[in-house]
Amino acid sequence: MAPSHVLKCCQRVLAWVPVVFIALVVAWSYYAYVVELCVFTISSTAEKVVYLVIFHLSFVMFVWSYGKTIFTSPASPSNEFCLSKADKEQYEKEERPESQQEILRRAAKDLPIYTTTASKAIRYCDRCQLIKPDRCHHCSACDICVLKMDHHCPWVNNCVGFSNYKFFLLFLMYSLLYCLFVAATVLQYFIKFWTLCRRKAAENCPKNELPDTHAKFHVLFLFFVAAMFFISILSLFSYHCWLVGKNRSTIETFRAPTFRNGPDKNGFSLGCSKNLREVFGDEKKYWLLPIFTSLGDGCNFPTRLVIMDPEQLTVSSQNEPAKSSGANQPFPTRPLSESQNRLLASDSQWVESGPEDENVKSGTKKHIIVSLES
């Protein structure tokens with residue numbers, strides 16, 4: 001036990017190495033830009049003020065969003081997805097997978113789940129001992145099930161999922177703007193210092209062109225670092241913008257979620273505009289702030305709900321509501337409840353083909369099935 005405990009402690013400490021590295025680079029870039037460039041190199045007061053104001057705005061937003069991405073705990077499934085004590089004991093006693101699945105189907109009959117495993121079985125986490133909500137996956141690094149898990153990022157030492165995906169996107173965006181601004185404003189001094197170094201090496205250097213201090217090394221290195229990070233982050237940010245537009249996670253891109261009619265990589269896509277609002281919320285004034293505004297609870301997601309055969313989808317979605325296929329269903333079909341999911345709070349906003357209200361229990365609850373044309 002002791003060696004295992006020590007090993008886990010070492011792993012936890014080492015996991016912070018990438019974060020510490022980024023923090024040191026950012027701290028050095030702040031010193032190099034503010035002190036070495038703006039204080040010691042730039043002579044124009046107006047230029048200094050403009051550069052410092054814009055720099056600090058981008059720096060604050062970058063650090064704020066980065067900190068929120070790191071320190072926001074990954075969201076886990078609620079207790080309703082955990083098996084009861086009796087079901088758990090019965091599940092552990094059963095040795096046949098068919099019997100275990102029957103227990104899971106019975107426990108999941110009132111849960112809003114639409115996806116299964118590739119073999120049409122209920123998605124269950126033996127480690128956390130709970131039924132996985134749609135888009136939920138177990139993270140081996142964090143050792144928990146994470147709602148709408150995208151990936152585990154070593155650069156933030158955290159899982160990127162439902163609770164901090166917006167912060168992660170803003171972190172990428174503000175880091176891009178930060179690097180772009182630094183590289184753009186440092187470029188002219190980079191060229192001057194580079195030319196100064198070459199002329200000095202050729203012993204043909206004009207006097208008093210730029211101060212020949214150690215600031216030139218900070219400026220030269222600052223441009224290279226900013227340009228390098230900008231190029232590397234640009235591709236990652238572009239990729240995640242594409243994912244948001246398609247309403248997919250990184251995991252779902254490589255392994256499409258399986259619905260009743262089979263795998264469907266666009267099963268959760270509601271259209272680009274609604275996909276964007278699902279992550280950033282309805283109030284656009286908060287979109288650029290690292291404040292949690294994502295819609296929903298992370299357990300329920302509006303879905304295209306393609307229940308029937310793909311060949312019948314186009315005709316059926318236009319003429320009649322989606323229907324359950326009865327006892328042959330490999331898992332329960334529970335539509336999303338308006339009271340459970342903010343995504344369905346507005347009919348005109350979230351329903352493509354029109355809402356259809358049905359009684360769930362005793363006529364007291366309503367639900368909406370969102371069906372889209374493929």
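Count residues from 1 along the sequence. All values below come from the heavy atoms of this structure, side chains included, with hydrogens, waters and symmetry mates left out.
- Cluster partners of Ile144 are Val146, Met149, Ile251, counting Ile, Leu, Val, Met, Phe, Trp and Tyr whose side-chain heavy atoms approach within less than 4.5 Å, directly or via other members.
- Residues Thr258 and Lys120 are in side-chain contact: their nearest non-hydrogen atoms beyond the backbone lie under 4.5 Å apart.
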From CA spacing to verdict: side-chain contact (heavy atoms from CB on, under 4.5 Å), Val279, Leu169: CA-CA 10 Å; Val279 175; Leu169 289 172; 4.0 Å; yes
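- Cluster annotation: Ile22 and Val25 are assigned to the same hydrophobic cluster (Ile/Leu/Val/Met/Phe/Trp/Tyr, side-chain heavy-atom contacts under 4.5 Å, transitive).
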Which atom pairs, one a donor and one an acceptor, fall under 3.5 Å between side chains of residues 236-243 and the rest of the protein, sequence neighbours left out?
| residue | atom | partner | partner atom | Å |
| --- | --- | --- | --- | --- |
| Ser238 | OG | Leu234 | O | 2.8 |
| His240 | ND1 | Tyr165 | OH | 3.0 |

Report the C-alpha separation of Asn158 and Ile70 in whole Å, then their side-chain angles, then the decisive distance to 0.1 Å, and conclude whether the side-chain contact (heavy atoms from CB on, under 4.5 Å) test is met. CA-CA 6 Å; Asn158 200 2; Ile70 295 173; 5.7 Å; no
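- Expressed to the nearest 0.5 Å, how far OG1 of Thr116 lies from NZ of Lys132 amounts to 12.0 Å.
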How far apart are the C-alpha atoms of Phe40 and His218, what are their side-chain angles, what is the distance that settles it, and do they pass the ring-ring contact (aromatic ring centres under 6.0 Å, His included) test? CA-CA 11 Å; Phe40 293 145; His218 288 280; 9.8 Å; no
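- A 6.0 Å sphere centred on CD of Glu98 holds more than 12 heavy atoms belonging to other residues, nucleotides or ligands.
- Under the 6.0 Å cut-off for aromatic ring centres, Phe268 and Phe259 qualify, their centroids lying closer than that.
- When side chains are defined from C-beta on, Cys136 counts as touching Pro77, because their heavy atoms get closer than 4.5 Å.
- In this structure, Tyr189 is a member of the same hydrophobic cluster as Ile54, with clusters built from ILVMFWY side-chain heavy atoms closer than 4.5 Å.
- Nearest heavy-atom pair across Leu130 and Cys145 is CD1-SG, 4.1 Å.
- In this structure, the side chains of Gln100 and Leu104 stay at 4.5 Å or more apart for every pair of heavy atoms.
- Under a hydrophobic-cluster definition in which Ile, Leu, Val, Met, Phe, Trp and Tyr are linked whenever side-chain heavy atoms come within less than 4.5 Å, directly or via other members, Tyr30 and Val49 are assigned to different clusters.
- Residues satisfying the salt bridge (charged side-chain N to carboxylate O under 4.0 Å, His left out) test with Asp126, not counting sequence neighbours, are none.
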Begin with the C-alpha distance, continue with both residues' side-chain angles, and end with the deciding distance and a verdict on ring-ring contact (aromatic ring centres under 6.0 Å, His included) for Phe55 and Phe62. CA-CA 10 Å; Phe55 173 82; Phe62 162 61; over 10 Å; no
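- Contact detail for Leu270 and Glu278: the closest heavy-atom pair is CD1-OE1, 4.0 Å.
- Screening residues 64-74 for side chain to side chain donor-acceptor pair (under 3.5 Å) gives no qualifying pairs among residues at least two apart or on separate chains.
- Residues forming a ring pair (Phe, Tyr, Trp, His ring centres under 6.0 Å) with Tyr51 (at least two apart in sequence, or on another chain): none.
- Remark: Leu147 CG to Asn300 CG distance equals 10.0 Å, nearest 0.5 Å.
- At a threshold of 4.5 Å between side-chain heavy atoms, the hydrophobic network of Ile, Leu, Val, Met, Phe, Trp and Tyr places Leu187 and Val34 in one connected group.
- Residues satisfying the ring pair (Phe, Tyr, Trp, His ring centres under 6.0 Å) criterion with Tyr91, sequence neighbours excluded, are Tyr124.
- Residue Ser163 holds its OG atom at 13.0 Å from CZ of Phe168, rounded to the nearest 0.5 Å.
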Start with the C-alpha gap between Phe193 and Phe217, add the side-chain angles, then the distance that decides, and say whether ring-ring contact (aromatic ring centres under 6.0 Å, His included) holds. CA-CA 9 Å; Phe193 275 125; Phe217 298 108; 8.8 Å; no
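- Checked by atom type and distance alone, the side chain of Thr303 pairs as donor or acceptor with a backbone atom of Gly267 at under 3.5 Å.
- By the salt bridge (charged side-chain N to carboxylate O under 4.0 Å, His left out) test, Glu47 is found to be paired with no residue, residues two or more places apart in sequence or in another chain being considered.
- With sequence neighbours excluded, no residue forms a salt bridge (charged side-chain N to carboxylate O under 4.0 Å, His left out) with Arg12.
- Taking CZ of Arg123 as the start and CZ of Arg135 as the end, the distance is 11.0 Å to the nearest 0.5 Å.
- Nearest heavy-atom pair, Leu52 versus Cys38, reported as atom, atom and distance to 0.1 Å: CD2-SG, 3.7 Å.
- Side-chain N/O atoms of Lys166 and Thr293 include a donor and acceptor closer than 3.5 Å.
- Here Phe221 pairs with Trp28 under the ring pair (Phe, Tyr, Trp, His ring centres under 6.0 Å) rule; sequence neighbours left out.
- Heavy atoms only, all atoms of each residue included: Ser249 and Asp150 are closest at CA-OD1, 3.4 Å.
- Between Lys265 and Pro257, the shortest heavy-atom contact is CA-CD, 4.4 Å.
- When only modelled atom types and interatomic distance are considered, Glu102 and Gln90 share no side-chain donor-acceptor pair under 3.5 Å.
- By the 6.0 Å contact criterion, CZ on Arg106 is enclosed, its count of non-hydrogen atoms from other residues, nucleotides or ligands being greater than 12.
- Annotation: ring pair (Phe, Tyr, Trp, His ring centres under 6.0 Å) contacts of His152 (sequence neighbours excluded): none.
- The NE2 atom of His137 sits 11.0 Å away from atom SG of Cys159, with the distance rounded to the nearest 0.5 Å.
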Run the side-chain contact (heavy atoms from CB on, under 4.5 Å) test on Arg105 and Ile122 for me, step by step, so that the C-alpha distance in whole Å, both residues' side-chain angles and the decisive distance to 0.1 Å come before the verdict. CA-CA 7 Å; Arg105 290 192 191 98; Ile122 296 290; 4.0 Å; yes
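- Taking the salt bridge (charged side-chain N to carboxylate O under 4.0 Å, His left out) definition, one finds that Lys284 meets it with nothing, sequence neighbours left out.
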Enumerate, atom names and distances included, each donor-acceptor pair closer than 3.5 Å involving a side-chain atom of residues 171-185, sequence neighbours excluded.
| residue | atom | partner | partner atom | Å |
| --- | --- | --- | --- | --- |
| Tyr174 | OH | Leu288 | O | 2.5 |
| Ser175 | OG | Phe171 | O | 2.9 |
| Ser175 | OG | Leu172 | O | 2.8 |
| Tyr178 | OH | Ser29 | OG | 2.7 |
| Thr185 | OG1 | Tyr33 | OH | 2.9 |
| Thr185 | OG1 | Phe181 | O | 2.7 |
| Thr185 | OG1 | Val182 | O | 3.3 |

In sequence, state the C-alpha distance, the side-chain angles, and the governing distance for Val26 and Phe59, and then conclude on side-chain contact (heavy atoms from CB on, under 4.5 Å). CA-CA 9 Å; Val26 171; Phe59 180 82; 3.5 Å; yes
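- A continuous path of hydrophobic side-chain contacts links Trp155 to Val160 [ILVMFWY only; heavy atoms under 4.5 Å].
- Side-chain atoms of Asp110 do not come within 3.5 Å of backbone N or O of Ala107 as any donor-acceptor pair.
- When all heavy atoms are compared, the tightest approach of Trp287 to Gly281 is NE1-O, 3.0 Å.
- Atom CG of Asn275 sits about 9.0 Å away from atom NZ of Lys246, to the nearest 0.5 Å.
- A 4.5 Å side-chain heavy-atom check between Leu289 and Leu170 finds every atom pair outside the cut-off.
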